[in-house]
Amino acid sequence: MASASAISGSISSHSLISCDARASLIGSVRHLEASIVPSTLNCPSRRRSAVKPLHAVEPARRNDFVAPLAAAPATIAEAVVEEKGRVREEEEEKVDYDQLASELENASPLEIMDKALEKFGNDIAIAFSGAEDVALIEYARLTGRPFRVFSLDTGRLNPETYRFFDAVEKHYDIHIEYMFPDAVEVQALVRSKGLFSFYEDGHQECCRVRKVRPLRRSLKGLRAWVTGQRKDQSPGTRAHIPVVQVDPSFEGMDGGIGSLIKWNPVSNVEGKDIWNFLRTMDVPVNSLHSQGYVSIGCEPCTRPVLPGQHEREGRWWWEDSKAKECGLHKGNIAQEEAQKLGTNGNGSAAVNHVNGAPDIFETQAIVNLSRPGMENLLRLENRREPWLVVLYAPWCPFCQGMEASYVELAEKLSDTGIKVGKFRADGDHKPFAQQQLQLGSFPTILFFPKHASRPIKYPSERRDVDSLLAFINALR
Ligand code: SF4
């Protein structure tokens with residue numbers, strides 16, 4: 001953990017320019033330049049404009065936040081943007097994040113945050129849960145660089161947390177970019193299963209609707225995000241969190257696995273040191289902490305813990321203590337743990353909802369294929385229509401990661417004569433899928449042309465709508 005003196009040293013080096021001089025500089029800011037923006041830290045009247053040029057400089061980026069990837073370029077401007085993206089991808093390919101994580105293993109959270117913000121500029125945002133991860137915002141402020149903060153408003157947070165959000169916005173003079181769940185999805189869940197279904201059949205379904213999908217939409221507008229995960233938070237799932245990693249579950253704006261980088265600047269910091277830091281820096285904290293809450297999430301799923309209890313014991317206390325992830329960091333769960341969540345204990349997988357692993361790709365535009373259905377599809381040499389089928393397992397984070405794009409694709413193809421299907425290929429069906437359907441890992445996507453006996457396996461890890469459409473159009 002960085003000492004307070006080291007931190008104040010980093011601020012004072014930026015404070016030599018007068019407020020008036022800064023005013024003219026700020027007015028001319030067009031890029032995220034650390035040499036200009038930090039000087040506003042000691043100039044309260046300018047602080048708001050120091051934090052928000054993100055919105056002022058590139059307003060289009062805000063719109064991109066939830067927008068799908070663009071189709072082929074139609075103008076020179078779009079071609080230039082695409083070329084920049086290609087160059088960026090090539091640069092990114094050179095970064096070995098495993099190696100970077102080992103290089104930064106002993107770095108302070110402030111150094112790690114500074115590196116993250118420097119590297120990703122406006123394409124990175126801090127995920128703020130409304131708990132002690134406010135430390136991340138403080139570290140970001142101390143770097144002197146502009147930064148973005150987003151939060152998921154599940155609709156089920158404590159009133160204290162909402163008040164805390166407001167206090168944080170005012171303290172830092174920032175606007176938190178709130179993401180909300182899809183109203184239709186929440187309505188369907190609550191109307192069919194009630195307001196507290198998570199107590200009966202596990203928290204994953206509700207978390208998926210209220211947290212994971214909004215998060216996925218947010219992350220599609222970024223190239224990197226910053227989390228407050230710490231190794232000491234959950235012995236079962238967070239014991240090996242690196243300070244930086246390729247996100248194992250979610251996609252960024254460039255699409256595909258590997259397109260999003262996840263920074264965990266406090267992964268090596270213990271909870272007590274976070275609290276020392278918050279107290280030293282006089283940072284606002286959620287008033288629930290003074291009532292015994294440590295880890296804070298939604299109101300129905302969080303409770304205070306007693307002295308000596310682990311903080312995660314206050315979350316989803318009615319469930320297995322080793323798997324307390326809401327899906328936001330599901331990549332932390334080892335494969336075998338995830339498989340346990342997705343099967344019914346004797347190796348066979350149920351079709352729709354098993355032990356907290358609700359089914360995915362649920363839309364009328366996608367046909368749910370049974371084993372005989374798949375066998376028929378394999379047997380036919382002249383099909384009435386071509387088929388695209390995903391072999392999946394609902395517990396697989398990569399399958400969950402492509403859910404939105406696959407559903408969107410199916411809806412786009414619904415009037416084209418191309419059928420889109422899904423086949424759950426874990427459990428008892430796995431040997432069949434491996435032998436007959438080229439299943440290597442989940443998800444595997446197959447195209448069954450109209451006049452061919454063998455399906456063609458999609459060879460890429462890019463699972464965005466445009467890439468999948470290009471694959472289909474090349475073969476139909
Ligand atoms: Fe739903 Fe509880 Fe998850 Fe919040 S934490 S989204 S209320 S299951």
Side-chain angles (χ1 to χ4, degrees), residues 127-133 150-165 176 178-219 227-229 233-234 236-238 249-250 286 288-289 291-305 309-333 337-338 341-342 352-360 362 394-395 397 400-401 403-404:
F128 176 44
S129 71
E132 83 274 13
D133 54 357
F150 74 99
S151 191
L152 306 174
D153 182 351
T154 63
R156 302 296 293 265
L157 303 176
N158 295 74
E160 288 88 344
T161 301
Y162 289 110
R163 280 197 281 276
F164 178 48
F165 282 146
I176 297 171
Y178 297 105
M179 288 300 288
F180 298 90
D182 181 277
V184 174
E185 288 182 12
V186 173
Q187 186 172 289
L189 173 66
V190 173
R191 283 189 180 178
S192 65
K193 302 181 82 172
L195 282 163
F196 296 95
S197 59
F198 34 83
Y199 290 141
E200 284 156 30
D201 55 15
H203 70 274
Q204 274 86 359
E205 185 174 18
C206 180
C207 277
R208 197 148 59 87
V209 168
R210 292 182 186 270
K211 288 184 174 178
V212 180
R213 286 178 177 159
L215 175 67
R216 187 176 296 138
R217 288 202 308 272
S218 302
L219 296 178
T227 84
Q229 290 188 101
Q233 281 173 321
S234 182
T237 59
R238 299 191 177 183
S249 306
F250 294 100
N286 192 323
L288 288 172
H289 291 303
Q291 299 170 41
Y293 289 78
V294 181
S295 176
I296 297 174
C298 293
E299 184 275 332
C301 302
T302 311
R303 66 180 181 181
V305 290
Q309 273 190 305
H310 193 275
E311 64 183 78
R312 297 300 276 186
E313 290 182 57
R315 303 290 295 278
W316 305 297
W317 56 91
W318 63 95
E319 295 182 9
D320 172 16
S321 64
K322 278 195 167 178
K324 291 184 176 181
E325 296 291 356
C326 55
L328 306 193
H329 305 294
K330 200 145 188 178
N332 297 339
I333 302 177
E337 287 286 348
L341 291 174
N352 284 321
H353 196 107
V354 183
N355 288 353
D359 203 6
I360 54 179
E362 291 200 287
W395 45 262
Q400 294 167 5
E403 184 181 20

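As the structure lists them, so they are numbered: ligands from 1, and atoms in each ligand from 1.
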- Message: Are Y162 and Y178, when compared by the centres of their aromatic rings, separated by less than 6.0 Å?
- Response: no
- At under 4.0 Å between heavy atoms, what of R210 touches ligand 1? The answer is side chain
- Query: Nearest heavy atom to atom 6 (S) of ligand 1: which of G297, P181, C207 does it belong to?
  - Reply: C207
- Message: Applying salt bridge (Lys or Arg N to Asp or Glu O under 4.0 Å), can you list everything that pairs with E185, at least two apart in sequence or on another chain?
- Response: R213
- Task: For ligand 1, note which part of K211 has a heavy atom under 4.0 Å away: side chain, backbone, both or neither.
- Result: side chain
- Message: Tell me if a side-chain donor or acceptor on S192 pairs with a main-chain N or O of L189 at a distance below 3.5 Å.
- Response: yes
- ligand 1 to F198, heavy atom cutoff 4.0 Å, flagged ligand atoms 7 (S), 8 (S)
- Task: Look at the N, O or S atoms of C301, main chain and side chain alike, and state whether any lies under 2.8 Å from atom 1 (Fe) of ligand 1.
- Result: no
- Stepwise salt bridge (Lys or Arg N to Asp or Glu O under 4.0 Å) test for D201 and K193: CA-CA 10 Å; D201 55 15; K193 302 181 82 172; 2.6 Å; yes
- Message: Are F198 and R156 packed together at the side-chain level, in the sense that at least one heavy-atom pair is separated by less than 4.5 angstrom?
- Response: yes
